[in-house]
Amino acid sequence: MNAALATLKERGFFKQCTDEDLLNKKLDEGPVRIYVGVDPTGPSMHVGHMVPLFAMHHLQQAGHLPIVLVGGGTARIGDPSGKTDMRKMLTIDQIKSNAENLKKQIANFIEFDGDKAKLVDNADWLADLNYIDFLRDIGRHFSVNRMLTFEAYKKRLEKGLSFIEFNYQLLQSYDFLELYRRENCILQIGGDDQWGNIVAGMELIRRMEGGEAIGLTFPLVTRSDGKKMGKTEKGAIFLDPELTSIYDFFQYWRNVADADVEKFLLLYTFLPADECRRLGALKDQEINKAKEVLAYELTKIIHGEAEANKAMEGARAAFKAGGTQDKSGMPSAGMTVSELEAGINVMDLFVQSGLCSSKSDARRLVSQNGASINGEKYSDVDAIIGVEAINEEGGEKEIVLKAGKKRFFRFIVK
RNA sequence: GGGGAGGUUCCCGAGUGGUCAAAGGGGGCAGACUGUAAAUCUGUUGCUUCGGCUUCGAAGGUUCAAAUCCUUCUCUCCCCA
């Protein structure tokens, strides 16, 4: 088997392929141009978008040529695959700014130096399409009967599917055709929810150009506890540090279920597969080391080594009692001495930190014995925090709040 | 275009003119147990200056009193054309 394909399989990136033998052959013959699409429908990628990009990274390492398509055109429509509701329409400006952010994030996975990879935007060819021409040239190759049998559309038929969304598949197929014509791109990869769209693209290429194209999909990543990948109560885990703090990003991975560690190491880090397996096989307390490696490695890929170190140190400082570790990675804010001299109510302090969303929330936390300051429990709702709460460590004056067992916040007193 | 059903707190989903801040479940949060795990058990889950205040698609109205009745609007789903 081709080495690149073997790597993908070994690491869990293989779900279905339209023609595995052909793919094997093509990958062996030399560099293949490979298309993966991302739609700029949100201000940032989130954790769920990463799998195809990691796969692309491995393929690039094996010498193949990624073409990353940012769907500036298709984002105007919205892909119904896997969705139960129609997406909100985005303005052109939103899409543009989303696309810019996306491009930066993609560069974490794929090298764009020189000719190693290409970034394209399908708005370049979709925006000015002529409707009549499109219908006549492309639309005639699609059978509505056939499309309705796809799971993606079936589901939506129960709920309601607008005509605009129904066209998504044609546009994505047309993208593949364009890339085949322009770049000689013969392989499209994506999540398994893209299977229908990818196959449709292949068929279009065969019908219009007589060309042989291949599709490859990855399993949709699930968590062993059944929760949605990359989602927390507060929302998705984003790659943009403005939307998900680096500390929270790190903690998300640090807290994955035992059963998921190995799978995630293989999918979401660049560590050798053997190493991922070794770490994933650790048991009991030892597996925490593997979780830390996962969190560290992935944070490093997305946010850089310096930030990853900060986040790891911050987490260690928070969870290991005492110690003089570096807490700079912990979420924090400034506070003046005079504020403390006046005295602040515990509940107000927790609200101010953002650890509690309202005073009622803070009251609950305190009365349920979940609030502590500098490691000391506070269960009196009326407690007033003053200057005596300032903790001096390593030359910095601070007050460290803790809500429950895992949420920390640090006030730096000036 | 005609007819029907419906929009309830994060989600699903009960709901009687007053005893509803609104059953139940899910999810969340907190506590116990732990390994920053899972499972389990317990408590809690609109806001508050703790007097109250603002919620049941939107706006009006009836009433001492409305999520519950009336009017208009709006959105969703279903059937017919």
Side-chain angles (χ1 to χ4, degrees), chain A residues 83-89 155-162 165 222-237 245-265 279-296 298-299 311-323 325 327 329-331 343-348 350-373 375-382 384 400-409:
Chain A
K83 306 286 181 311
T84 41
D85 295 304
M86 177 150 168
R87 235 186 220 147
K88 294 205 175 61
M89 282 293 175
K155 263 193 206 130
R156 287 297 303 276
L157 278 179
E158 291 160 18
K159 257 279 193 180
L161 173 70
S162 73
E165 289 176 287
T222 54
R223 290 177 22 151
S224 59
D225 57 10
K227 284 183 193 154
K228 267 200 185 143
M229 188 62 213
K231 294 271 174 162
T232 65
E233 315 59 59
K234 298 195 177 69
I237 301 290
S245 76
I246 296 173
Y247 181 82
D248 287 341
F249 183 87
F250 183 93
Q251 282 300 126
Y252 179 80
W253 299 103
R254 176 62 187 77
N255 282 313
V256 298
D258 290 7
D260 291 329
V261 176
E262 180 175 309
K263 179 166 76 180
F264 289 175
L265 279 165
L279 287 165
L282 296 174
K283 291 277 176 266
D284 302 321
Q285 282 200 48
E286 288 289 295
I287 193 136
N288 281 325
K289 284 183 193 160
K291 292 184 189 181
E292 199 174 78
V293 172
L294 168 67
Y296 179 77
L298 183 48
T299 308
M312 185 161 71
E313 288 306 320
R316 282 181 177 168
F319 286 96
K320 304 252 160 60
Q325 291 100 329
K327 291 180 190 156
M330 213 186 275
I344 305 173
N345 174 274
V346 224
M347 297 187 291
D348 290 329
F350 273 86
V351 172
Q352 199 181 325
S353 73
L355 253 21
C356 292
S357 60
S358 72
K359 207 156 176 184
S360 299
D361 191 22
R363 179 182 301 273
R364 241 167 266 135
L365 182 76
V366 173
S367 57
Q368 288 179 139
N369 219 16
S372 45
I373 296 174
E376 204 181 313
K377 291 261 182 199
Y378 277 72
S379 48
D380 177 9
V381 187
D382 296 316
I384 301 296
V400 177
L401 306 190
K402 183 177 156 201
K405 290 182 186 106
K406 294 185 195 167
R407 291 147 57 220
F408 290 87
F409 193 87

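Residue numbers start from 1 in every chain, and the chains themselves are labelled A, B, ... in the order their sequence lines are given, proteins ahead of strands.
- Checking B:G35, B:U48, B:C29 against the side-chain heavy atoms of A:Gln285 singles out B:G35 as nearest.
- Here B:G35 is the nucleotide among B:G35, B:A30, B:U48 with the atom lying nearest to any side-chain atom of A:Asp258.
- A:Lys377 comes within contact range of the sugar-phosphate backbone alone, with a heavy-atom separation under 4.0 Å but no base atom that close.
- Rounded to whole Å, the separation between the C1' atoms of B:C80 and B:C73 comes to 25 Å.
- Taking atom CZ of residue A:Phe319 and atom P of nucleotide B:U36, one finds them 8 Å apart after rounding to whole Å.
- Between the CG atom of A:Leu279 and the P atom of B:A37 there is a distance of 19 Å, rounded to whole Å.
- Under the Watson-Crick or G-U wobble criterion, with both distances below 3.5 Å, B:C69 is paired with B:G61.
- The side chain of A:Arg363 approaches B:U49 more closely than any other nucleotide in the set B:U49, B:C47, B:A37.
- When heavy atoms are screened at a 4.0 angstrom cut-off, A:Ala403 is found touching the sugar-phosphate backbone but no base atom.
- The side chain of A:Arg254 lies closest to B:U36, out of B:G31, B:C29, B:U36.
- Shown here for A:Met330 and A:Ala318, the closest heavy-atom pair between the two residues is CE-CB, 3.6 Å.
- The side chain of A:Arg364 has B:C47 as its nearest neighbour among B:U49, B:A30, B:C47.
- In this structure, B:A22 forms no base pair with any nucleotide, since neither Watson-Crick nor G-U wobble geometry is met with both distances under 3.5 Å.
- Nucleotide B:U55 forms no Watson-Crick or G-U wobble pair with any nucleotide shown, as no partner meets the under 3.5 Å limit on both distances.
- Listed by chain and residue number, A:Lys359 satisfy the side chain to side chain donor-acceptor pair (under 3.5 Å) test with A:Asp348 (two or more places apart in sequence, or in another chain).
- At least one donor-acceptor pair closer than 3.5 Å links the side chain of A:Arg407 to the backbone N or O of A:Leu355.
- At least one side-chain heavy atom of A:Val261 sits under 4.5 Å from a side-chain heavy atom of A:Ile287.
- Interface remark: the A:Gln368 side chain does form a donor-acceptor pair with the B:G43 base, using a distance-only criterion of under 3.5 Å.
- With the nearest nucleotide of RNA chain B identified for both A:Asn369 and A:Asn255, A:Asn369 has the one nearer the 5' end.
- Rounded to the nearest Å, the gap between the P atom of B:G60 and that of B:A21 is 23 Å.
- To the nearest 0.5 Å, atoms CD (A:Glu262) and CG (A:Leu294) are separated by 11.5 Å.
- Checking B:A37, B:C47, B:G35 against every side-chain atom of A:Asn288, the shortest atom distance belongs to B:G35.
- Between A:Lys359 atom NZ and B:C29 atom C1' the separation is 20 Å, expressed in whole Å.
- Of the side-chain N and O atoms in A:Lys283, none sit less than 4.0 angstrom from OP1 or OP2 of B:G35.
- No more than 12 heavy atoms of other residues, nucleotides or ligands lie within 6.0 Å of NZ in A:Lys289, so this atom counts as exposed by the packing criterion.
- Taking a pair to require two hydrogen-bonding distances under 3.5 Å in either a Watson-Crick or a G-U wobble arrangement, B:G35 remains unpaired.
- Both distances falling under 3.5 Å, in either a Watson-Crick or a G-U wobble arrangement, occur for no nucleotide opposite B:C50.
- Between the C1' atoms of B:G57 and B:G7, the separation comes to 6 Å (whole Å).
- Taking the side chain of A:Leu365 as heavy atoms from C-beta on, and the options B:C47, B:U36, B:A30, the nearest nucleotide is B:A30.
- By the 4.5 Å heavy-atom criterion applied to side chains, A:Arg223 and A:Phe264 are counted as neighbours.
- For B:G51, the base is syn relative to its sugar; the glycosidic angle is within 90° of 0.
- Side-chain contact check for A:Asp361 and A:Ser358: no donor-acceptor pair (N or O, by modelled atom type) lies under 3.5 Å.
- Taking the side chain of A:Asp284 as heavy atoms from C-beta on, and the options B:C33, B:A30, B:G35, the nearest nucleotide is B:G35.
- Rounded to an integer number of Å, the gap from CG of A:Asp348 to P of B:U48 is 10 Å.
- Between the CG atom of A:Asp260 and the P atom of B:A38 there is a distance of 11 Å, rounded to whole Å.
- Using atom C1' as the reference point in both B:A14 and B:G26, the two lie 15 Å apart (nearest Å).
- The side chain of A:Lys406 contributes an N or O atom lying less than 4.0 Å from OP1 or OP2 of B:A37.
- With contacts defined as side-chain heavy-atom distances shorter than 4.5 Å, the pair A:Arg316/A:Glu292 qualifies.
- Distances shorter than 4.0 Å separate some side-chain N or O of A:Arg407 from OP1 or OP2 on B:A30.
- Spacing between B:G52 and B:A22 at atom P, rounded to whole Å, works out to 15 Å.
- Put simply, A:Ser358 has a side-chain N or O that comes within less than 4.0 Å of OP1 or OP2 on B:U48.
- Look at CD on A:Glu286: it is 13 Å from P on B:U36, rounded to the nearest Å.
- Distance A:Met312 CE to B:U36 P: 16 Å, rounded to the nearest Å.
- Counting heavy atoms from C-beta on, the side chains of A:Phe350 and A:Phe409 never come closer than 4.5 Å.
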Restricting to nitrogen or oxygen on both sides, can you table the protein-nucleotides 51-55 of chain B pairs closer than 3.5 Å?
none

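- In a base pair of the Watson-Crick type (N1 to N3 plus N6-O4 or O6-N4) or a G-U wobble (N1-O2 and O6-N3), with each distance short of 3.5 Å, B:G1 is matched with B:C80.
- Under the Watson-Crick and G-U wobble criteria, each requiring two contacts below 3.5 Å, nucleotide B:U44 is paired to B:G28.
- Separating the CG atom of A:Asp361 from the C1' atom of B:G46 is a distance of 11 Å, rounded to the nearest angstrom.
- Of the candidates B:G35, B:A30, B:U34, the closest approach to any side-chain atom of A:Lys291 belongs to B:G35.
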